[in-house]
Amino acid sequence: MSGGGRRILFTEIVASSDHDHDPEVAAKFYAVMEAVADRVEMHQNIGEQRNNWNNLLLICINAMTLSAAMMTGMAAIAANGGTLLSLKLSSAVLYASVTAMLVVMNVIQPSQLAEEHRNASRSFKQLHRELQTVVALVSSSPTVCDVNEATERVLALDKAFPLPLLGDKMIEKFPNVVEPAVWWPQRIMWSKKTGKVNGNNNNGWNLKLEEEMRNIVGVLKTKDMDDYMKLGEKALKLNKMLAISGPILTGIAAIGSAFVGTTNGSLAVMVGVICGAMASVVSTFEHGGQVGMVFEMYRSNAGFFKLMQETIESNVNERDVERRENGEVFQTKVALQLGRSLSELRHLAASAASSSSSDEEEFASKLF
């Protein structure tokens with residue numbers, strides 16, 4: 001090739017590189033990455049704070065409840081009217097305060113809030129790693145499409161894990177219908193292609209792989225997601241029962257302590273002491289056992305399987321195989337997400353295809 005031809009070719013390459021590299025778009029993409037990193041730290045800090053709320057409020061409530069029960073018992077054996085009155089008033093005030101604190105604590109569910117922020121922090125970390133992968137894999141700078149998709153996912157996560165404690169924006173702690181958590185935008189396919197493998201013109205896809213993926217989706221729907229939805233419903237019912245029982249018991253105990261020393265004083269003492277002790281057990285089981293966190297964990301796990309289902313369906317249903325993620329890479333990702341090897345994943349798909357009943361199928365995930 002002549003010198004003039006080499007100069008023309010070099011000029012075209014430089015021009016093409018300059019065209020692909022847009023400093024403004026790259027700056028926007030890195031700004032999104034910085035915002036994601038900031039949200040990771042923010043949700044970590046808030047999650048620790050709200051977990052501390054749960055521990056400190058539980059300790060305070062139990063200490064106040066048991067102190068009120070003790071005062072109620074001491075009031076029954078008080079020798080003079082002044083001591084009796086002071087003990088009665090003190091126990092009634094403590095029980096009333098505990099009732100108000102329990103109502104607030106049961107509404108906001110600090111253990112569930114802490115789990116929400118743990119999930120948010122993990123999701124933002126995952127998004128940050130994916131953005132770093134986009135920067136590492138693409139041959140040129142991030143595109144406008146990359147910036148838009150990253151922004152959509154950040155906003156979807158912000159909507160899924162709101163910060164307000166009260167109001168319409170907070171996640172409903174006692175929903176009428178249990179649904180999987182959703183933290184991704186409607187258009188979930190990340191527009192990255194891993195390229196062809198070994199010159200495969202079908203981008204790593206074939207009819208057998210598509211059928212295997214459809215069978216795995218069926219198992220996720222009928223077994224894994226359905227199982228966690230049922231567990232979530234049970235955890236929600238238990239949490240509702242405990243959240244209602246605690247304030248009712250402390251309220252009854254407050255009324256009982258107020259009647260100590262009257263004609264029915266012995267019954268009032270029994271009510272005040274026993275209801276106080278039961279309220280302490282209920283609040284310990286609810287907030288010490290973190291039943292709200294368990295419900296949120298089940299809801300999040302169901303959301304994880306729903307995301308897998310939608311991701312698989314969006315790839316399989318895409319007619320243009322070049323717009324899909326590479327089939328072999330995608331299969332490996334699905335296997336790792338389910339805690340399986342590739343051979344185990346193929347065996348799962350084959351057993352799902354041959355099984356006549358969903359009860360005979362095994363769960364897709366081996367992780368949880």
Side-chain angles (χ1 to χ4, degrees), residues 123 126-127 129-131 133-134 137-138 143 145-146 148-150 152-153 156-157 160 179-229 300-358 360-368:
S123 298
Q126 181 182 9
L127 176 57
R129 287 192 296 267
E130 291 184 14
L131 297 180
T133 302
V134 170
L137 289 181
V138 295
T143 64
C145 183
D146 292 327
N148 292 338
E149 290 186 5
E152 284 181 14
R153 295 183 65 179
L157 284 170
E179 295 180 348
V182 176
W183 59 86
W184 57 92
Q186 291 294 324
R187 187 164 56 88
I188 62 172
M189 282 193 65
W190 185 257
S191 65
K192 61 175 183 285
K193 291 185 288 186
T194 53
K196 298 179 181 179
V197 177
N198 297 327
N200 190 339
N201 293 328
N202 292 325
N203 196 24
W205 288 90
N206 53 56
L207 293 177
K208 182 181 178 182
L209 178 57
E210 290 182 0
E211 188 63 28
E212 288 178 353
M213 291 294 109
R214 291 191 179 97
N215 291 336
I216 291 169
V217 167
V219 177
L220 289 173
K221 283 182 180 179
T222 58
K223 296 292 291 185
D224 298 74
M225 193 162 68
D226 183 64
D227 184 64
Y228 276 105
M229 293 303 294
S300 177
N301 289 347
F304 170 77
F305 293 122
K306 181 173 179 164
L307 175 59
M308 283 196 67
Q309 170 198 328
E310 292 188 8
T311 305
I312 293 172
E313 288 177 343
S314 64
N315 273 278
V316 173
N317 295 334
E318 175 59 52
R319 293 180 178 274
D320 185 2
V321 293
E322 292 301 319
R323 291 176 58 84
R324 302 178 185 179
E325 189 168 356
N326 180 270
E328 296 177 12
V329 176
F330 184 71
Q331 185 184 31
T332 302
K333 286 183 178 180
V334 171
L336 291 174
Q337 287 175 338
L338 296 177
R340 293 176 176 270
S341 64
L342 289 177
S343 59
E344 289 176 332
L345 188 69
R346 296 188 186 100
H347 179 267
L348 172 66
S351 62
S354 60
S355 177
S356 58
S357 172
S358 61
E360 300 175 1
E361 296 176 358
E362 60 177 318
F363 288 94
S365 176
K366 285 190 173 183
L367 292 178
F368 51 86

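Excluded from the calculations below are hydrogen atoms, water molecules and symmetry mates; all remaining heavy atoms, backbone and side chain alike, are included.
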For D226, the side-chain hydrogen bond (donor to acceptor under 3.5 Å, both in side chains) test, sequence neighbours excluded, returns K230
Sorted by chain and number, sequence neighbours left out, side-chain hydrogen bond (donor to acceptor under 3.5 Å, both in side chains) with Q309 holds for none
Can you name the closest pair of heavy atoms from [X] and [Y] and give their distance?
| X | Y | value |
| --- | --- | --- |
| W183 | L157 | O-CD2, 3.5 Å |
| A352 | V219 | CB-CG2, 3.4 Å |
| M213 | W205 | CG-CZ3, 4.2 Å |
| A364 | L338 | O-CB, 3.7 Å |
| R324 | V316 | NH2-O, 3.0 Å |
| A335 | L342 | CB-CD2, 4.1 Å |

Practice prompt. Please report the C-alpha distance between R214 and E313 in whole Å, then the side-chain angles of each, then the deciding distance to 0.1 Å, and finally whether the side-chain contact (heavy atoms from CB on, under 4.5 Å) criterion is met.
Written response: CA-CA 8 Å; R214 291 191 179 97; E313 288 177 343; over 6 Å; no
Fill in: Beyond-backbone contact of S365 with F305, side-chain heavy atoms, under 4.5 angstrom
yes
Notebook entry, point to check: Can you tell if the side chain of L345 reaches within under 4.5 Å of the side chain of E212, non-hydrogen atoms only?
Noted result: no
Checklist entry - Hey, are E328 and K333 close enough for a salt bridge, meaning a charged N less than 4.0 Å from a carboxylate O? => result no
Between [X] (side chain only) and [Y] (backbone N and O only), is there a donor and an acceptor less than 3.5 Å apart?
| X | Y | value |
| --- | --- | --- |
| D227 | D224 | no |
| N315 | E325 | yes |
| N202 | G204 | no |

*Evaluate the criterion salt bridge (Lys or Arg N to Asp or Glu O under 4.0 Å) for residue pair E179 and K306; output intermediate values, then yes/no.*
CA-CA 10 Å; E179 295 180 348; K306 181 173 179 164; over 6 Å; no
Are N326 and F330 close enough, and set up right, to give a side-chain contact (heavy atoms from CB on, under 4.5 Å), and what steps lead you there? CA-CA 6 Å; N326 180 270; F330 184 71; over 6 Å; no
Handout entry: side-chain contact (heavy atoms from CB on, under 4.5 Å) between W184 and E310, worked out
Key = CA-CA 10 Å; W184 57 92; E310 292 188 8; 2.9 Å; yes
Across all chains, not counting sequence neighbours, the side-chain contact (heavy atoms from CB on, under 4.5 Å) partners of E344 are R340, S341, K366
